[in-house]
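All values below were derived from every heavy atom in this structure, side-chain atoms included, with hydrogens, water molecules and symmetry-related copies excluded. Chain letters run A, B, ... following the sequence lines, proteins first and then strands; every chain starts at 1.
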Amino acid sequence: MSDASGHQASLEERLRRVDSVTEAALAHLSLEALLDELLSRVRELLDVDTAAVLLIDDRRRELVATAAKGIEEEVEQSVRLPLGRGFAGRIAATGEPVVLPVVEHGNVLNPLLLQRGIRSLLGVPLIADGSVIGVMHVGTLAPRSFDEHDTHLLQVVADRVALAVRARRDESHRAIAETLQRSLLPDRMPPLDNLEIAARYMPAHGGMIGGDWYDVFSLPSDSIAIAIGDMTGRGIDAAIQMSRLRPALRALALIQHDPAMVLAMLNQHVLFFDPGTVGSLLYGIIDPRGVLTYASAGHMPPLLINDGDPPVFLEEPGEPILGADPLVRYRSRHVTLKPGSALLLYTDGLVERRDEPLEEGMERLRIAAAERDWITLEDLCSVVIPPDRQLEDDLAVLSVRFGPPSDAARLEMRLQAEPRELSRLRRSLRVWLESANLPEQDAYDVLLAVSEAVGNAIEHAYDPSGGFVHVIGVIRANDIEVVVRDEGRWRAPRGSNRGRGRTLMQALTDESALETGTDGTVVRLRKKRAGH
Amino acid sequence: MPIDEAVRVTRHGPWVVAAWLGDVDRANVAGIQRETLGVVLNADTGLVVDLSATDYLDSAGMSALVAMNRLLQDRQQRFRVILPAASVLAKPMDIAGIPAVVTVTRTLDEALTD
C-alpha cells in the first residue's frame, strides 16, 4: 500500500487523464466509436480486463449491452437484462454503485460474465438529468478489491459518458422522429374532383416533434374521410403513437361508416395496445352530396366558412379524449356543407397561447378567416397561422372545400402524373365538352390535344416519385381554352411519341403555346368555337 | 376495360382481324398490342387492326400501329388498319402521317383484298 499523499497524487493524475478521455477530439465521434474509445481508456486507467456500458431501453424496461471491451460477446449477443435483479440490474434500479469482490452464480444474472471468467466486478450508474440511463461496469480476471477511489474514478468517467450518450440519443431520436413524421403525414393529397384540400404541419421550435397529425383519404363509397388529432407525447413517442393510430383509423374507416363508432373503436384500440397514451381526435366523413358527419374526441371544433356568411365554429360535442375512459360514448353530428364552403380543422398549437384563454385564440382564428384576403385553401392556411404562434407546441391545419363546379363552363382537375389517370381525364373532359356543344370532330380534337399535353407532362415532368398535373379549362363564348400545368422540370424527350404528340397538339388546336421554366411547364391550348 | 374485352378477334381465311374497342392510350396500348400480336399465327397472311369501334387513339396508340407494321413486315406478314372516313380518329391519324407508313383502308372488304 502506498502512502496517502502518494495515492492522492496518483488519483489527481488519473483524474487528469480522465479529462483527457472526454476531450474535444471525441466530440464528433459517433456513439459507438465514442464508447469504444472511452472503454479502452477506462480499461487502462483502472487496470481492468473488461469494461462495458449497458443502456436502459425505456419501452421494454431492460438494460441493453451497448458497448464492451474484453467482453464483446455481451454486445454481439445483444444481451438484455432485467432491471432490479442481478448485478447490473440492481445498479440501474438503485442508482448506486455496486462492488462484487467475488463473482459467482448467486450475484450475477448475465451468464457471459461467468463464462468469461471474471472474478471481480465494479459497476456504477450512468446518470443524466437526474435519472439513470444505464450502467457502466469493469471486471478483472484475477480477484481484486475495488476501493472507493476506484469507484469514484469510474463514476467520474461514467458521468461524462452519460452526458455524451444523452446528447447523441436526443439527436438521433429527433432525426428518426422527424423522418417518421414526414413519412406518416400525407403529403400526397388524394386527387379528388370537387374537393379542394390544403394542409400544413409545423413542428415546434427546435424541431421537437409533437403529437399532431392529420389524414385525408377517399372511401369506397365516394365519400371523403378527414381526421385531425393531437396525441400527447413528444419526440419519438409521439411519432410511434401516430404510426399506430393512423393505419388503425384507416382500417376502421373502411368498415365502419359512423364516425362515432370509429372513435369508440379507436378508443378501445388505444386503451388496449397503448395504455397510458391519450389524445384528441376529430374524425368526419363528407359524402358526395356534401353532408359532413363527424365525431370528436376532445378535439377543438372545426371552423366552417360559408361563402358570404361569417365563419362559425361547429358544435363541440365535448366528449372525452381517446385513451382515458373505456366506457365513453361518442355521438355523430351532421352538417350540410354548401357548395363552395370551406372547413378548417386545426390543433391547439394554432390557437393556444400562454396566459390566454383558449377562446381568445379561437376568436382570433375566426377573425383571420373572415377578414384576411384569401382565395385558395393554400392561402387560407397561410393567413390563419399567426406569425407569433406558440413555438413550444407543434401545429397542424387541414382545410377542405367542397363544391360541384358551380360553373359548368369551368373544368378544374388535379391528376397524379401517372398514365392510369388519363382515363379519368377523358371522362371529365368528355362531360365538360358536352356543355360546349362543339361539332364532334372539334370536341375530339380538344380531347386528344389536351390528353397529349397531359401525357407529355406525365412522361417528362417528374422523376419516378411523381407529382401532379393541373388541368384548367374554360368555355367562353368564342372559344375554349385549356391550360395544362405541371410543377416539374421537363427532362429531354425520349422516344418518338412526343414528336407526334406535339404535332397533334399544334395541329388540332387554333393556338398552342408551351412555356417551360425551372418550376414547371404550362401548356395553353385554344380552340375556336364554330362560327368564330 | 380488361384487355380481353378490348380486343375482339375474328378470322377471315388467312387474315386475322383484331377490332380495338373503346379507348386506346398510353396506359393500355402495350397490353393491347401484345394481345393483338398474340393472335397472329405463323401461317397467317396478315393482321388487320380494325379501328371502326375505337373511340379514342392517342399518339401512343398510333406509334403502336407503326411498330406492329414493322414487326409483321419483318415476319413477311401483312398489316392493315381499317379506319372509316367518318371516324373522328381519321383527322389526327392524317396529321400524324400514319397513312404514309401503314396501309389504312376504309372498310373490311378493302382490307382483305390483296
Subject >> Residues A/Glu452, B/Arg26: salt bridge by 4.0 Å N-O rule >> reply: yes

Original post:
Taking all non-hydrogen atoms of both residues, which atom of B/Asp25 and which atom of A/Ser423 are closest, and how far apart?
Top reply: OD2-N, 4.4 Å

Original post:
CG/B/Asp58 to CG/A/Leu422 distance, rounded to the nearest 0.5 angstrom?
Top reply: 7.5 Å

**OP:** Please report the shortest heavy-atom distance between B/Pro92 and A/Leu504, naming the atom on each side.
**Re:** O-CD2, 3.5 Å

Original post:
Between B/Leu89 and chain A, which part of the residue has a heavy atom less than 4.5 Å away: side chain, backbone, both or neither?
Top reply: both

**OP:** Using a strict cut-off of less than 4.0 Å between a Lys/Arg side-chain nitrogen and an Asp/Glu carboxylate oxygen, indicate whether B/Asp55 and A/Arg426 qualify as a salt bridge.
**Re:** no

Original post:
A/Arg500 and B/Ser63: which non-hydrogen atoms are nearest, and at how many Å?
Top reply: NH1-OG, 2.6 Å

Original post:
How far apart are the closest heavy atoms of B/Tyr56 and A/Leu447, and which atoms are they?
Top reply: CD1-CD2, 3.8 Å

**OP:** For B/Ile95 and A/Leu508, work out which heavy atoms get closest and say how close.
**Re:** CD1-CD2, 3.6 Å

Original post:
Within a radius of less than 6.0 Å around CZ of A/Arg430, do more than 12 heavy atoms belonging to other residues, nucleotides or ligands occur?
Top reply: yes

Original post:
B/Ala27 and A/Pro419: which non-hydrogen atoms are nearest, and at how many Å?
Top reply: CB-O, 3.6 Å

